[in-house]
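Comments concern the structure below.
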Amino acid sequence: MTDVRVDGYPVERGDEILTPEALAFVGEMQSRFGARRNELLGMRAGRRDEVARTGRLDFLPHTEDIREAEWTVAAAPADLTDRRTEITGPTERKMAINALNSGARVWLADLEDANTPHWSNVVSGQVNLYDAVRGEIAFTSAEGKRYALRDDVRPATIVVRPRGWHLDERHVLVDGQPVVGALVDFGLHFFHNAAELLARGSGPYFYLAKMESHLEARLWDDVFTFAQQRRGIPHGSVRATVLIETIPAAFEMDEILYELREHASGLNAGRWDYLFSIIKNFRDAGPAFVLPDRGDVTMTAPMMRAYTDLLVATCHRRGAFAIGGMAAFIPSRRDPQINERALAKVREDKERESGDGFDGSWVAHPDLVPVCTEIFDKILADRPNQLDRRRDDVRVSAEQLLDVSSVPGAPSAAGLRTNIDVGLRYLEAWLGGTGAVGIHNLMEDAATAEISRSQIWQWVHNDVVLDNGETVTPELVRTVADDVVAAIRDEIGEQAFRASRYGQARALFEQVALDDDFVEFLTLPAYESID
C-alpha cells in the first residue's frame, strides 16, 4: 500500500482538501506515473544535448503519418465553444472573484507561473477552487470591502493550469519521495471538483504547461484516463488546452493534439515562455541565435509569425481552438497617456490575432476584457469561434521557426537594465509568495523573469556588445545590478528595503543569470528558499 504523507504546515481549511481519500488518489497517480515523468525529463536532457551538438531542431520523421493523416479532436463541450476572451491569474481569493466577475468567457486559474509554490498557496488555491466551482466564493478585505460573485454576470468558465512536469511538491511525499507537483495540482482539483463541475453543466478543464514532446502529452492523456476511471467520471470529460510555449513542442503540435485527441480542446501561443525556450535551447548555438531586447521581439517578427500561423493552421485542421497570447498591460488610473499608448498596442495585437484566425486571446487585467472582447466580436459576429476558417495555405519549415537572426533590433544597455530590474523585482515578490506582479504597468510572471535571466546568460556567453559599446560581462551585470538596487532602495525607502527580500533575490538572480552551468528553470533553486 502506498504511504502518502503531508509534510507541510497547517493551512486554513486544509483539512477539507487534504483528506485521506484525496491524498490516496494523488499517491496512486504518483506510484503509477512518477517514474515515467522522470524518464521523460531525462529525454528532455537528451534532446537538448542534440541541439547543442547540431544547432538544430526539426519535425519528427517517424510521426509524419500522423501529420499527414486526416483526424480531429473530440468536439468541445458547450461552455468551451466560445473562448474569445480569457483572463489569466492566480487562485488568490480576491483575484479569483475578480476574474470570475470580469465578463471573460474563461478564467485560467493559474497554479503555475502566476502562482508560487509556497505551501499556503498550494493548499489555499485548492480551497478557493473548491468554493469557486460551487459558486460560494467570497472575500472581505482588511479594509472591510466585500468581494462576491455578481448576479448580473455569467461567471467565467474555470480552466485550471497545474504546474509543469519538471516541478516536484516537497510537502507531499509518497514512500518518502516528493510527489510530482502537476499530479498534486491536477489530482486535488479533479478529486474534489470533477463530479461537481459535470453536475453544474461544466467539466474538469485544464491548461497544460511547459510540455516539450508528444510523449509528455501521452502521459497526461494516461493520467486523465486513469483519473476518470478511478473516480467514475465519464471518459472524455476532461478537456485540455496545451500551451505551445517551448520550441521543441512547436515541432510536435499535430502529435500533441493526436495523443490527447479524446481530451483535447486546443493550443495556446504562450509567447513569453516560448522565447525563453528558444534562448535556453540555443543558448550556446552562436551569434545567429542571440535575441535582441525583449521588447523588440514582437509577434510580427518572421519566426513568431511562423509559430502562430502554424498553430492556427494545425488547430483548425484538427477541430481544436487556437488561443492567442497574453496582453500583459495593467491600466494606470493615474496616467492616461500610458493607457492610450499601451491600449493602442493591445488593440493592434488582438486585431492581428483575430484576423489571423485565432478563436480567442488572453488578458491579464479585468479592464482589458472589454477591449479584447470588442475586437473578437467584430470578427466573430454571432459565431462562437473561427473553427470553420481553415489555414490550408500555411506551410512552415524548420528554418522559419528557427529564424532568430531575422528578428529586428539589437541588445541595448537599456534592455540589460530592464532585464535586471524586472528580474530582481519579480524574484523579490516571488520569494514573498506572489507569482503575478505588476512591474512598470506590465503583469510579469515566472516566464518573463526567465527571459530576463536567460537573455543575460546568453549575452554574457556570446560576448554581446551593447548599443553603447560595452561588452556584456558578469562584472557589467553586477555593476548595473548595484545601480538598480540603489534605485529601488531610494524608491521604496530604507526601512522597507531592509525588510524586503532584495538581498536574497539578487543572489538568486545572479546565480541563474551568471553561473556557467545554466539552471533549467529559475523556480527550481528558488523553491529551495521558501516554505
Side-chain angles (χ1 to χ4, degrees), residues 71-88 99-109 132-133 150 152-161 197-198 200-208 234 236-244 253 257 260-270 308-309 311-327 346-347 349-364 366 368-392 394:
W71 50 268
T72 59
V73 302
D79 60 342
L80 268 187
T81 58
D82 187 334
R83 304 176 63 173
R84 66 190 68 196
T85 305
E86 302 192 351
I87 188 167
T88 74
L100 291 165
N101 286 337
S102 67
R105 298 302 203 278
V106 166
W107 169 41
L108 189 160
V133 165
R150 292 168 53 180
D152 59 334
V153 175
R154 173 188 172 276
T157 297
I158 299 171
V159 181
V160 174
R161 178 162 70 169
L197 283 161
L198 289 168
R200 290 171 174 267
S202 188
Y205 307 146
F206 297 90
Y207 259 107
L208 304 181
S237 297
V238 170
R239 284 294 189 275
T241 304
V242 177
L243 291 106
I244 301 299
M253 295 187 199
L257 284 176
L260 288 161
R261 60 195 179 279
E262 295 178 346
H263 298 112
S265 178
L267 303 177
N268 170 272
T308 55
D309 283 348
L311 189 146
V312 173
T314 302
C315 283
H316 287 187
R317 183 185 178 194
R318 306 307 184 186
F321 300 118
I323 308 299
M326 171 73 78
V346 171
R347 285 184 173 277
D349 189 48
K350 301 311 173 191
E351 285 170 354
R352 175 192 52 75
E353 289 179 332
S354 62
D356 285 349
F358 279 94
D359 300 290
S361 193
W362 281 7
V363 299
L368 296 182
V369 169
V371 177
C372 185
T373 301
E374 173 197 338
I375 290 167
F376 274 88
D377 283 349
K378 291 178 181 177
I379 289 285
L380 295 174
D382 58 353
R383 296 178 300 156
N385 51 62
Q386 302 195 74
L387 286 183
D388 58 348
R389 182 178 173 187
R390 293 279 293 257
R391 293 292 307 276
D392 294 333
V394 172

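Taken from CZ in R105 to CZ in R154, the straight-line distance is 7.0 Å, to the nearest 0.5 Å. One finds the CD atom of E353 at 7.5 Å from the SG atom of C372 (value rounded to the nearest 0.5 Å). Rounding to the nearest 0.5 Å gives a distance of 3.0 Å between OG1 of T88 and CE of M326. The line from CZ of F321 to CG of L267 is 12.0 Å long, rounded to the nearest 0.5 Å. How far CG of L208 is from CG of N268: 11.0 Å, rounded to the nearest 0.5 Å.
Scanning all heavy atoms of the two residues, the minimum distance from A156 to A104 falls at CB-O, 3.4 Å. The nearest pair of heavy atoms linking H316 to R389 is ND1-O, 2.7 Å. Residues T81 and A78 come closest through the heavy atom pair OG1-O, 3.0 Å. Heavy atoms only, all atoms of each residue included: D359 and L387 are closest at OD1-N, 3.5 Å. Listed here is the closest heavy atom pair of G266 and A320: CA-CB, 3.8 Å. S237 and P204 get closest at one heavy-atom pair: O-CD, 3.7 Å.
When each of I323, I379, L311, N385 is checked for a side chain to side chain contact (heavy atoms under 4.5 Å, CB included) with F358, only L311 meets the rule. Between I158 and the options L108, V133, D79, a side chain to side chain contact (heavy atoms under 4.5 Å, CB included) holds for only V133. Shown are R84, R383, K350; of these, the salt bridge (Lys or Arg N to Asp or Glu O under 4.0 Å) with D377 is made only by R84.
Checked by atom type and distance alone, the side chain of H263 never pairs as donor or acceptor with a backbone atom of V238 at under 3.5 Å. Side chain of T373 to main chain of P370: no donor-acceptor pair is present (N/O by atom type, distance under 3.5 Å, no hydrogens or angles). Judged by distance alone, the side chain of R261 and the main-chain N or O of R318 form no donor-acceptor pair under 3.5 Å.
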Check: Between V312 and V394, does a side chain to side chain contact (heavy atoms under 4.5 Å, CB included) hold up when you go through it step by step?
Finding: CA-CA 9 Å; V312 173; V394 172; over 6 Å; no
Next item on the list: Verify side chain to side chain contact (heavy atoms under 4.5 Å, CB included) between Q386 and L380, making sure each step is shown before the conclusion.
Entry: CA-CA 7 Å; Q386 302 195 74; L380 295 174; 3.3 Å; yes
Item checked: Chi angles and distances behind the side chain to side chain contact (heavy atoms under 4.5 Å, CB included) call for W71, L257 -> CA-CA 10 Å; W71 50 268; L257 284 176; 3.8 Å; yes
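With contacts defined as side-chain heavy-atom distances shorter than 4.5 Å, the pair P77/S202 does not qualify. L260 is not listed as a side-chain neighbour of V73, based on a closest heavy-atom distance of 4.5 Å or more. The shortest side-chain heavy-atom distance between L80 and V106 falls under the 4.5 Å cut-off. No side-chain heavy atom of V159 sits under 4.5 Å from any side-chain heavy atom of R239.
Residues passing the salt bridge (Lys or Arg N to Asp or Glu O under 4.0 Å) test with D349, sequence neighbours excluded: R271, R352. For E374, the salt bridge (Lys or Arg N to Asp or Glu O under 4.0 Å) partners two or more places apart in sequence, or in a different chain, are R347, K378. For R83, the side-chain hydrogen bond (donor to acceptor under 3.5 Å, both in side chains) partners at least two apart in sequence or on another chain are E86, Y207, T241, S265.
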